[in-house]
Amino acid sequence: MDKEGIMIYLCMKGQNEWLEEVKAYFQKSSYVLKVIEIDDWQNELSLTNQKGKILLEKIKQIQLKNKYLKCYISGYSLAGLFSLYSLHELDLDGAISVSGSLWQEGWLEYLKNHPIKNKRIYLSLGSKEHKTRNALMKNVLKNTLEAYKIYQKENDCFFQKNNGNHFFESELRMMKGWDYILYEK
């Protein structure tokens, strides 16, 4: 089967059992899977430090090696936020952000100052994620809906609210995002 695209998946190192399921899922698709395992979640997925720039360069190299394929990126939590950031910085075809850390200070301002067009974007959030005592994290639903509104203006953007908190059915929710990109479900 000819491959029509590539899906970069940012995931936490040590999720071996889950990665086997992911690889099986992608073997049946017309997309190549490239997994980037993250050792240091806070530093490597930073939007501002050197390790974050190194990760962007890794993603760019994958994109360049596959320049004739559509290139998407996906991630959960902080990796979901970094996926969206990569979409802006590297001109990828689309991104999947599941339970993305869109509560981060400055994120909405960044979106407004770095517009993109004609991308395919999937946003997902658990219905209880904003119900927290943490003052910043309480903004996750509000900020995700605002990001959705911004993206929807000139992109193909879909928002899905799921049951549960940040950790509820994370694998299933990630697969829903991939289904949206790969199979337009």
Side-chain angles (χ1 to χ4, degrees), residues 4-12 31-38 40-125 129 136-137 139-161 166 173-174 176-182 184:
E4 65 179 88
I6 186 162
M7 179 64 70
I8 300 168
Y9 176 41
L10 305 175
C11 73
M12 191 177 297
Y31 278 70
V32 175
L33 172 68
K34 293 289 184 183
V35 175
I36 300 177
E37 291 186 272
I38 307 299
D40 185 346
W41 203 247
Q42 293 299 319
N43 284 319
E44 288 180 69
L45 296 172
S46 169
L47 309 186
T48 58
N49 75 19
Q50 188 59 34
K51 286 190 178 184
K53 289 180 174 111
I54 291 169
L55 181 55
L56 272 179
E57 189 57 37
K58 277 185 194 176
I59 295 164
K60 183 178 181 180
Q61 292 308 312
I62 292 170
Q63 182 184 24
L64 290 173
K65 286 179 186 173
N66 298 279
K67 62 184 171 186
Y68 299 108
L69 298 175
K70 295 177 196 170
C71 190
Y72 296 90
I73 189 163
S74 58
Y76 198 92
S77 190
L78 194 53
L81 173 66
F82 198 90
S83 294
L84 293 175
Y85 177 68
S86 300
L87 178 64
H88 290 264
E89 294 294 313
L90 300 176
D91 194 29
L92 303 167
D93 293 291
I96 298 167
S97 175
V98 177
S99 290
S101 299
L102 306 190
W103 51 264
Q104 296 264 342
E105 288 184 293
W107 176 247
L108 292 177
E109 205 54 42
Y110 174 85
L111 284 186
K112 292 172 187 169
N113 292 321
H114 296 85
I116 56 173
K117 293 182 181 182
N118 304 316
K119 307 296 179 186
R120 191 160 169 80
I121 303 162
Y122 177 89
L123 302 172
S124 167
L125 196 66
E129 292 195 50
L136 271 178
M137 290 182 181
N139 293 321
V140 71
L141 177 60
K142 179 179 78 63
N143 287 9
T144 301
L145 291 173
E146 182 64 25
Y148 172 60
K149 190 170 138 185
I150 291 168
Y151 281 134
Q152 209 176 23
K153 289 179 184 173
E154 299 195 54
N155 300 280
D156 175 9
C157 185
F158 181 76
F159 171 70
Q160 184 167 38
K161 197 171 190 180
H166 186 72
R173 291 164 56 190
M174 198 71 234
K176 286 180 182 179
W178 292 327
D179 280 350
Y180 177 74
I181 297 293
L182 275 61
E184 298 185 19

Heavy-atom pair of closest approach, residues Lys176 and Tyr122
CB-OH, 3.5 Å
Taking the inter-plane angle between the rings of Trp107 and His88 on a 0 to 90° scale, is it parallel (under 30°), tilted (30 to 60°) or perpendicular (over 60°)?
perpendicular
Taking Glu44 for its side chain and Asp40 for its backbone only, find out whether a donor-acceptor pair lies under 3.5 Å.
yes
Side-chain touch Tyr76/Met12, heavy atoms, less than 4.5 angstrom
no
Does Lys34, at its NZ atom, have more than 12 non-hydrogen atoms belonging to other residues, nucleotides or ligands within less than 6.0 Å?
no
Any chance you could lay out the side-chain contact (heavy atoms from CB on, under 4.5 Å) test for Leu84 and Ile121, step after step, and finish with the verdict?
CA-CA 8 Å; Leu84 293 175; Ile121 303 162; 3.9 Å; yes
Donor-acceptor under 3.5 Å (Asn139 side chain, Lys142 main chain):
no
Could you pull out the closest heavy-atom pair between Leu111 and Ala147, with the gap in Å?
CD1-CB, 3.6 Å
With heavy-atom distances below 4.5 Å as the criterion, would you say the side chains of Glu57 and Gln61 are in contact?
yes
Please round to the nearest 0.5 Å and tell me the distance separating atom CD of Gln152 and atom CZ of Phe159.
11.0 Å
Criterion side-chain contact (heavy atoms from CB on, under 4.5 Å) on Gln63 and Leu90, from CA distance to verdict:
CA-CA 9 Å; Gln63 182 184 24; Leu90 300 176; 3.9 Å; yes
Main chain of Gln104, side chain of Ser101: is a donor-acceptor contact present, judged purely on distance under 3.5 Å?
no
Interatomic distance, OG1@Thr144 vs CH2@Trp103, rounded to 0.5 Å, equals 11.5 Å
Which atoms form the tightest heavy-atom contact between Ser86 and Leu56, and what is the distance?
OG-CD2, 3.6 Å
Centre-to-centre under 6.0 Å for Trp178 and Tyr9, is that the case here?
yes
Heavy-atom pair of closest approach, residues Ile8 and Cys71:
CD1-SG, 3.8 Å
Measuring from atom CG of Leu78 to atom CG of Leu47, what distance do you get when rounded to the nearest 0.5 angstrom?
7.5 Å
Are Tyr148 and Asn143 close enough that a side-chain donor and a side-chain acceptor fall under 3.5 Å?
no
Non-hydrogen side-chain atoms of Ile62 and Leu64 separated by less than 4.5 Å:
no
Donor-acceptor pair, distance only, cut-off 3.5 Å: does the side chain of Ser99 make one with the backbone of Leu125?
no
Give the intermediate values and the outcome of side-chain contact (heavy atoms from CB on, under 4.5 Å) for residues Ile59 and Phe82.
CA-CA 11 Å; Ile59 295 164; Phe82 198 90; 3.9 Å; yes
Heavy-atom pair with the smallest gap, counting every atom of Thr48 and Lys53:
O-NZ, 3.7 Å
Within-4.5 Å side-chain heavy-atom neighbours: Leu123 and Cys157:
yes
Test side-chain contact (heavy atoms from CB on, under 4.5 Å), reference Ser74, set Ile96, Leu10, Val98, output is Ile96
Are Lys51 and Ser46 packed together at the side-chain level, in the sense that at least one heavy-atom pair is separated by less than 4.5 angstrom?
no
Residue pair Tyr72 / Ile6, side-chain heavy-atom distance below 4.5 Å
no
Would the Tyr151 and His114 ring centres measure less than 6.0 Å apart?
no
Please enumerate all residues that pass salt bridge (charged side-chain N to carboxylate O under 4.0 Å, His left out) together with Glu89, with sequence neighbours excluded.
none
Can the ring centroids of Tyr85 and Tyr110 be said to lie less than 6.0 angstrom from one another?
yes
Could you walk me through whether Lys70 and Leu92 pass side-chain contact (heavy atoms from CB on, under 4.5 Å), step by step?
CA-CA 8 Å; Lys70 295 177 196 170; Leu92 303 167; over 6 Å; no
Leu145 side chain reached by Lys149 side chain, heavy atoms, under 4.5 Å:
no
Asn118 CG to Asp156 CG distance, which is reported to the nearest 0.5 Å
10.0 Å
Side-chain donor or acceptor of Arg120 paired with backbone N/O of Tyr180 under 3.5 Å:
yes
Side-chain heavy atoms of Gln50 within contact of Ile54, under 4.5 Å
yes
On a heavy-atom basis, which atom in Ala95 and which in Ser83 lie closest, and how many Å separate them?
CB-O, 3.8 Å
Lys161 NZ to Ser124 OG distance, which is reported to the nearest 0.5 Å:
11.0 Å
Checking Asn155 side chain against Ile116 main chain: does a donor-acceptor pair fall under 3.5 Å?
yes
